[in-house]
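In what follows, chains carry the letters A, B, and so on, assigned in the order in which the sequence lines appear, proteins first and then strands, with residues in each chain numbered from 1.
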Protein chains: 2
Amino acid sequence: MIDINLLLSFGASYKKVAANDIIFNEGGVCSYYYQLVKGRVRWINYTNDGKEYLQSIIEAGECFGELPLFDAGGYAATSIADVDSILIRLNMSAFTQLLIENPEIHFKFSKLLANRLRFKFFILKEMAFNDPAKRVNALFHYLRDGKKHICLTCSQIKLTRQQIADMTGLRVETVIRVVRNMYKNGELKIVRGKIYFNVMTPVIMSEQEY
Amino acid sequence: MIDINLLLSFGASYKKVAANDIIFNEGGVCSYYYQLVKGRVRWINYTNDGKEYLQSIIEAGECFGELPLFDAGGYAATSIADVDSILIRLNMSAFTQLLIENPEIHFKFSKLLANRLRFKFFILKEMAFNDPAKRVNALFHYLRDGKKHICLTCSQIKLTRQQIADMTGLRVETVIRVVRNMYKNGELKIVRGKIYFNVMTPVIMSEQEY
DNA sequence: ATTTAATTATGACTGCAAGCATAAACTAAA
DNA sequence: TTTAGTTTATGCTTGCAGTCATAATTAAAT
């Protein structure tokens, strides 16, 4: 997202985290701007009865936990390293200073926020009325088209059915049945656990490159 | 949101719209920054099968349709005047210029975007796992606490059951039953159609003043 | 190669929201 | 005040996601 050398020149530092380490907690006071250099991060909300809602998967190159930097609230979700990861972080006041000195980067961030908001609009609409199959489909499209620039050569989806369930508000069993069904209909291939999503249904929404 | 005189100095103009007039359509190319001076605006997504999801109700003083200004996509939802309204609009390039010349307003907008994103995080989590009663409750809390600064003296909610259904992804009948039930439990009063929401359950999330 | 754990799979049952129909109670207009 | 239109109310039925139980399969660890 932000050039690493620029971050370093403002005093940013690297940090290693192991798989399943908590980076920050929902509601926690914001201290840093975070950017993922290597690895993968889960961004999760816990409901009062312990279920977890997976708001987003952060891939290398993306930033996360940026909301409090702007509105001075707590972190909107808990972030957990999905695998061993390296991240770079910059303390809050230095981040603000960086934006002031580099207005074009501030515009880049507005774009980022707008994009993320746009995706939430989309996914919320999908969640509100659609049946399970469409929800899962919407998520796949997002992962393929919305994050293409970051992710992968093609359209592999490397989430467990449980994680898909966590992102769509469905139960594992339901997701398993839906995916199974899509597989039977030839809408996707499964090779060694990975889902290869390769149907050419129209793209409804995409989180553009930023 | 932005001071009206400042907007005017950048060439903004007033516009009157009648109830149910469409201000802009989902997906449409962005031409203006909009700010509501008087009235009320519905912000809606239509699903392919004609159902509408009410993303937000815009009250006087709030801005809307700001996403495309930052990320150059289309409008994220259709906006329709709920009642006769007056709005002020500023063309896109002038808006950008305004932000460049007034970095503090740009920060204000980042805060706004962050806030709106935060609310979507919240409502999405609620929608994903909660039962109907909790969904409606979450919406009520948002309308009371999140929008207190704009709305009303107290905690009236002037939405029809249909509109509540449109915001929670439930059906009218379900909402009617839920509200009826809350009424019976003394969780709210209904005076001439308006819902007076007056229970002191802890505030989970609030869209802060901006 | 063998054990252990995690993930995927599938059937059976249940609860409850959706959907439909229909009526009552408001509201606004004439 | 009457009329027409909207909103709220309620019973009944059905479908299907959720839940539980249990098994099969795959992946990871020893």
key: A:R42/A:D82 salt bridge by N-O under 4.0 Å criterion   =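 Yes, this pair counts.
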
Please state how far atom [atom1] in [X] lies from atom [atom2] in [N], giving the value in whole angstrom units.
| X | N | atom1 | atom2 | value |
| --- | --- | --- | --- | --- |
| B:R171 | C:dA21 | CZ | P | 16 Å |
| A:N130 | C:dA17 | CG | P | 19 Å |
| A:D131 | C:dG19 | CG | P | 11 Å |
| A:Q163 | C:dT8 | CD | C1' | 14 Å |
| B:Y183 | D:dT8 | OH | P | 14 Å |
| B:R135 | C:dC16 | CZ | P | 15 Å |
| B:K134 | C:dC16 | NZ | P | 13 Å |
| A:I176 | D:dA23 | CD1 | P | 17 Å |

query = What nucleotide, of C:dA18, C:dT7, D:dT7, holds the atom closest to the side chain of B:L170?
reply =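 Shortest atom-to-atom distance from the side chain points to C:dA18.
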
key: Out of C:dT10, C:dG19, C:dA17, whichever nucleotide has its closest atom nearest the side chain of A:E173   =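 For the A:E173 side chain, the nearest candidate turns out to be C:dT10.
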
inquiry  = Quick check for you: to the nearest 0.5 Å, what is the distance between B:F140 atom CZ and B:M167 atom CE?
reply    =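 Rounded to the nearest 0.5 Å, the CZ-CE separation comes to 11.0 Å.
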
B:N25 CG to B:I23 CD1 distance, which is reported to the nearest 0.5 Å =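 If I round to the nearest 0.5 Å, the distance is 10.5 Å.
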
Whichever of B:R161 and B:R177 has its nearest DNA chain D nucleotide further upstream toward 5' =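 First, find each residue's nearest nucleotide; the 5'-ward one identifies B:R161.
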
Over-ring placement of A:K120 relative to B:F121, 6.0 Å and 45° cut-offs =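 That pair qualifies as a cation-pi contact.
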
inquiry  = Does D:dG18 have OP1 or OP2 under 4.0 Å away from a side-chain N or O of A:T174?
reply    =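 Checking A:T174 against D:dG18: at least one side-chain N or O falls below 4.0 Å of OP1 or OP2.
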
ask   = What is the nucleic acid contact for A:R180, judged by heavy atoms within less than 4.0 Å: base, sugar-phosphate only, or nothing?
value =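 Contact class for A:R180: sugar-phosphate only.
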
